[in-house]
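To start, the structure itself, in structure tokens.
Predicted model, so just to flag it, every value in this text is computed and none were measured. Atoms within each ligand, like the ligands themselves, are counted from 1 in listed order.
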Amino acid sequence: MKKNIIVSGIQPSGELHIGNYLGALRNFVKLQEDGYECTFFIADLHSMTIDYDPKEKARQTMNLALDYLAAGLDPEKSTIYVQSQVPVCTELAWIFNTVTPLAELERMTQFKDKSQKHTQNINMGLLDYPVLMAADILIYKATTIPVGQDQFQHVELTRKIARYFNNRFGQTFEEPKEVITPTPKIMSLIDPSKKMSKSHGPKSYIAINDSPEVIENKIKKAVSATTYDEDVYDFYATLLEEFGSAKNQEYFTAQFKDKGIKFSELKKALAEDISEYFRIFREKRAELEENPEQVIDILRRGAEKADIKAQETMREVIKKVGLLN
Ligand code: ADP
Ligand code: TRP
């Protein structure tokens with residue numbers, strides 16, 4: 001059997017919320033603990049395709065690094081780095097640009113969505129985004145890509161890019177597969193018909209680094225229902241299932257069955273359970289935050305490790321495409 005090589009990344013564009021945690025970071029940690037060869041990076045170059053404040057970006061990148069490490073990603077087990085610190089990936093992306101038909105990029109649903117949403121800044125990077133993603137993946141000859149549903153189309157295009165390259169220059173890349181660990185979708189605190197998302201503002205989500213007081217406050221202000229409302233009930237049932245203590249799960253599940261929830265009681269218990277769930281995370285994160293040099297060092301060494309493998313692939317590519325070497 002061939003070994004699974006796992007690669008994935010998250011963009012540094014704001015705080016991670018509990019939906020991102022369940023949908024992405026928790027799976028990363030699990031894959032690492034299952035013993036796979038894992039590379040997890042911070043996709044800062046991808047995050048530049050949407051308007052951003054240059055004064056904020058480095059801090060956002062550090063914050064995501066703190067989240068990665070405090071959640072349990074371990075530089076002894078996984079390669080952890082910042083995308084812009086392994087620039088050879090962008091070199092491979094350029095070469096992939098030359099084999100990728102423009103029409104393939106123009107039909108990506110994320111490109112269409114984002115160019116509709118950000119009409120003032122439809123930049124080339126937004127269009128080219130999946131090609132850089134293909135380079136991030138193929139440069140490590142990755143086999144398995146844990147991503148959310150919204151990224152499936154990009155992994156599919158990565159397979160096509162591997163094929164386009166292989167057809168033009170000879171067999172070089174295997175086709176990777178996306179994997180999704182079934183995770184519940186967490187809905188917005190203020191509108192349980194929408195998914196919890198950074199883009200709906202901090203009142204709509206619980207950040208994994210929120211303090212117990214903030215969690216309590218946000219949940220206090222979150223949706224309630226005076227009569228039975230399926231969306232509201234499902235919203236709390238999901239949170240309870242993921243973060244509730246065994247005792248609270250049993251107690252409130254019985255209430256759910258009777259459709260007779262006492263929201264003030266449920267909210268108080270849930271806020272405490274979510275705070276407790278992330279307590280060790282917060283402690284570790286605060287400790288790391290005190291030692292930014294240590295984090296920067298971890299990222300630098302991660303980039304060095306990633307670069308060794310990336311350069312190896314790049315040497316092969318340079319030969320195959322016929323550049324002077
Ligand atoms: P956001 O909408 O907050 O910007 P992203 O779209 O950047 O989040 O998603 C990053 C990752 O988090 C993806 O893997 C996605 O599947 C997961 N994710 C995002 N929102 C949720 C949610 N509400 N519930 C579960 N997983 C989510
Ligand atoms: N585009 C991904 C996202 O926003 C992040 C990403 C960039 C990625 N390169 C990747 C994910 C390579 C997996 C593999 O979620």
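- Counting the atoms of ligand 2 from 1 in the order shown, those under 4.0 Å from a heavy atom of V147 are 11 (C), 13 (C).
- Annotation: E250, atom CD; neighbour count of heavy atoms from other residues, nucleotides and ligands within 6.0 Å does not exceed 12.
- Listed by number with element, the atoms of ligand 2 under 4.0 Å from a non-hydrogen atom of H46 are 7 (C), 9 (N).
- Side chains of N209 and D67: no donor on one and acceptor on the other come within 3.5 Å.
- Set against the non-hydrogen atoms of Y129, the atoms of ligand 2 under 4.0 Å away are 1 (N), 2 (C), 3 (C), 4 (O).
- Closest protein heavy atom to atom 4 (O) of ligand 2: Q11 NE2, 2.8 Å.
- Looking only at protein heavy atoms, the nearest one to atom 11 (C) of ligand 2 is G9 N, 3.5 Å.
- Taking the six-membered ring where the residue is Trp, Y233 and F256 present perpendicular rings, their angle passing 60° and hence far from 30°.
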- Evaluate side-chain hydrogen bond (donor to acceptor under 3.5 Å, both in side chains) for S84 paired with D44, printing each intermediate quantity in order. CA-CA 7 Å; S84 60; D44 59 345; 2.5 Å; yes

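- There is no side-chain donor-acceptor pair under 3.5 Å between D74 and Q32.
- Residue-ligand proximity, I145 to ligand 2, at heavy-atom distances under 4.0 Å covers atoms 13 (C), 14 (C).
- Atoms CG and NE2, on D210 and H17 in that order, are 11.5 Å from each other to the nearest 0.5 Å.
- For Y205 and H200, the distance between ring centers is not under 6.0 angstrom.
- Around ligand 1, the residues contributing at least one heavy atom under 4.0 Å from the ligand are H17, G19, N20, G23, A24, G148, P184, K185, I186, K195, M196, S197, K198.
- With 3.5 Å as the limit, one finds no donor-acceptor pair spanning the side chains of Q255 and Y236.
- Within the 4.0 Å heavy-atom criterion, neither part of I10 lies near ligand 2.
- Of the heavy atoms in V155, none comes closer than 4.0 Å to ligand 2.
- By the 4.0 Å N-to-carboxylate-O rule, R107 lies close enough to E104 to be salt-bridged with it.
- Close approach to S8 involves these atoms of ligand 2, each under 4.0 Å from a residue heavy atom: 11 (C), 13 (C), 14 (C).
- Protein heavy atom closest to atom 9 (N) of ligand 2, with residue, atom name and distance, is D136 OD2, 2.8 Å.
- The environment of Y36 atom OH is sparse: at most 12 non-hydrogen atoms of other residues, nucleotides or ligands sit within 6.0 angstrom.
- Only side-chain heavy atoms of I137 come within less than 4.0 Å of ligand 2; its backbone N, CA, C and O stay farther off.
- Contacts between H154 and ligand 2 below 4.0 angstrom, taking non-hydrogen atoms only, are absent altogether.
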- Message: As a quick check of understanding, evaluate side-chain contact (heavy atoms from CB on, under 4.5 Å) for F278 and I18, giving each step before the final call.
- Response: CA-CA 10 Å; F278 289 104; I18 56 176; 3.6 Å; yes

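- Counting non-hydrogen atoms of other residues, nucleotides and ligands closer than 6.0 Å to CD of E283 gives a total above 12.
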